[in-house]
Amino acid sequence: MHLSLRTYITGFAASILLTLAPYMLVTHHLASKSSLLVGVVAAAILQLIVQLGFFLHVDLKPNSRTNLLTFVFTGIIVVIIVFGSLWIMHDLNYFMMDPIMNISH
Amino acid sequence: MTSVAIHQTHHNHEHEADEKAAFGFWIYILTDCLLFATIFAVYAVLRPATFGGPGPAELFSLPYVLVETFLLLTSSFTFGMAMLGRQAGKPSRVLPWMVVTFVLGLSFVVLEVHEFAHLIAEGHGPQSNAFLSGFFGLVGTHGLHVSCGLIWMALMMFQVSRKGLTAPVARKLFNLSLFWHFLDIIWIFVFTFVYLMGAI
């Protein structure tokens with residue numbers, strides 16, 4: 001693996017851009033609430049990819065394939081944990097607070 | 001076998017051991033990812049439970065957090081510069097960048113502690129409501145990781161200056177770089193999901 005100054009500078013510039021852009025969007029309220037949410041999350045995911053590629057040097061070359069595979073596996077678990085928790089807790093709140101259900105029992 | 005060939009195989013073995021160690025550390029980082037995923041989930045679930053108190057939009061100052069973010073981002077870059085020095089095999093190009101990284105990391109921790117102290121002084125400590133418990137738990141865990149990273153970095157600076165870039169030192173330095181960049185990525189998600197989305 002050969003590191004170059006160029007890679008780090010590109011990564012750094014992209015990170016700054018991907019931090020400032022959502023920050024500006026939010027502080028200046030440049031879009032509707034739902035599109036702001038989408039934009040902010042998209043910037044974070046792009047930032048994740050940029051930093052993985054330029055700083056952590058995870059790429060598609062065969063010798064870092066295992067790193068990438070284990071990372072993708074972890075990513076799937078992370079998504080299940082986060083969205084699963086939100087989904088379950090949201091449903092739980094919903095059923096605990098529904099008055100009609102309380103009456104019918 | 002000529003001495004060159006022997007040297008070559010020895011070198012390959014060492015290289016293989018290096019790669020194994022790096023992969024092992026990569027697995028640790030991924031498990032740490034899972035730890036953060038669970039506390040992110042906890043924060044997301046508890047986020048509306050403010051018990052009538054103020055939410056993230058009222059409590060947090062975005063410009064302040066932007067400064068914290070830039071400190072950590074820049075420290076990730078300067079650590080990259082130290083890694084370039086490591087690649088060139090020159091301790092004199094590693095140490096100054098590590099010092100810069102250390103100072104940036106320390107400033108980040110100081111700012112975070114100041115933010116926490118301010119919140120607690122205003123009566124918004126972790127015991128006030130579930131949302132704040134989740135917030136202090138998540139951001140505090142990240143801050144604790146950064147602090148551990150700083151201790152590790154101080155030790156590595158000592159080792160680089162005393163022993164130079166020997167194979168074990170270079171290997172540990174590489175693992176520390178993975179850890180440091182990883183913490184930067186976690187912070188990006190804290191910045192996005194706690195602070196930016198809290199302000200929307």
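Naming convention: chains lettered A, B, ... in sequence-line order (proteins, then strands); numbering from 1 in each chain. Just so it is clear, the values below take in all heavy atoms, side chains as well, and ignore hydrogens, waters and symmetry mates.
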Using every non-hydrogen atom in the two residues, find where [X] and [Y] come nearest and quote the distance to one decimal.
X	Y	result
A:V41	B:F193	CG2-CE2, 4.1 Å
B:S76	A:F55	OG-CD1, 3.9 Å
B:T74	A:F12	CA-CE1, 3.6 Å

May I ask you to test the B:F189-A:Q47 pair for a side-chain heavy-atom distance under 4.5 Å?
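Answer no - side chains too far apart.
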So, do A:Q51 and B:L73 sit near enough that their side-chain heavy atoms are less than 4.5 Å apart?
yes
Pick whichever of B:L66, B:D184, B:T69 has the most heavy-atom pairs under 4.5 Å with chain A.
B:L66
Looking at chain A, which one of B:T38, B:L34, B:I188, B:L178 has the largest number of heavy-atom pairs inside 4.5 Å, strictly under?
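Between B:T38, B:L34, B:I188, B:L178, the count favours B:I188.
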Separation between [atom1] of [X] and [atom2] of [Y], rounded to the nearest 0.5 Å:
X	Y	atom1	atom2	result
B:H181	A:F54	NE2	CZ	13.0 Å
B:M197	A:K33	CE	NZ	10.5 Å
A:S32	B:I200	OG	CD1	10.0 Å

Applying ring pair (Phe, Tyr, Trp, His ring centres under 6.0 Å) as the test, list every pair that has at least one member in residues 35-55 of chain B; sequence neighbours left out.
B:F36-B:H145
Side chain from CB out, backbone as N, CA, C, O: work out which of these in [X] comes under 4.5 Å of a heavy atom of chain B, or both, or neither.
X	result
A:I16	both
A:T66	both
A:V50	neither

Side chain, backbone, both or neither of [X] within contact of chain A (heavy atoms, under 4.5 Å):
X	result
B:F70	side chain
B:P63	both
B:T31	neither
B:I29	neither
B:F191	side chain

Looking at chain B, which one of [options] has the largest number of heavy-atom pairs inside 4.5 Å, strictly under?
options	answer
A:L25, A:V82, A:V26, A:T7	A:V26
A:V40, A:I81, A:N67	A:N67
A:T19, A:T27, A:I9, A:L18	A:T19

Going through the checks in order, is the side-chain contact (heavy atoms from CB on, under 4.5 Å) test met by B:V65 and A:Y23?
CA-CA 10 Å; B:V65 182; A:Y23 177 81; over 6 Å; no
Taking A:L3's backbone N and O only, do any of them form a donor-acceptor pair with B:Q87's side chain (distance below 3.5 Å, no angle check)?
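Side chain of B:Q87 to backbone of A:L3, a donor-acceptor pair under 3.5 Å: yes, one is there.
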Using a 4.5 Å heavy-atom cutoff, which residues in residues 70-79 of chain A come close to chain B?
A:T70, A:F71, A:T74, A:I77, A:V78
Does atom CZ of A:F83 have more than 12 heavy-atom neighbours, drawn from other residues, nucleotides or ligands, at distances under 6.0 Å?
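No, because the 6.0 Å sphere around CZ of A:F83 holds 12 heavy atoms or fewer from other groups.
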Determine, using the 4.5 Å side-chain heavy-atom cutoff (strictly less than), whether B:V113 and B:L138 are members of one ILVMFWY cluster.
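They do share one cluster, since a chain of ILVMFWY contacts under 4.5 Å joins B:V113 to B:L138.
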Given the rule in the side-chain contact (heavy atoms from CB on, under 4.5 Å) test, do B:I185 and A:L56 qualify, once you have shown the distances and angles that lead to the verdict?
CA-CA 10 Å; B:I185 294 181; A:L56 284 158; 3.5 Å; yes
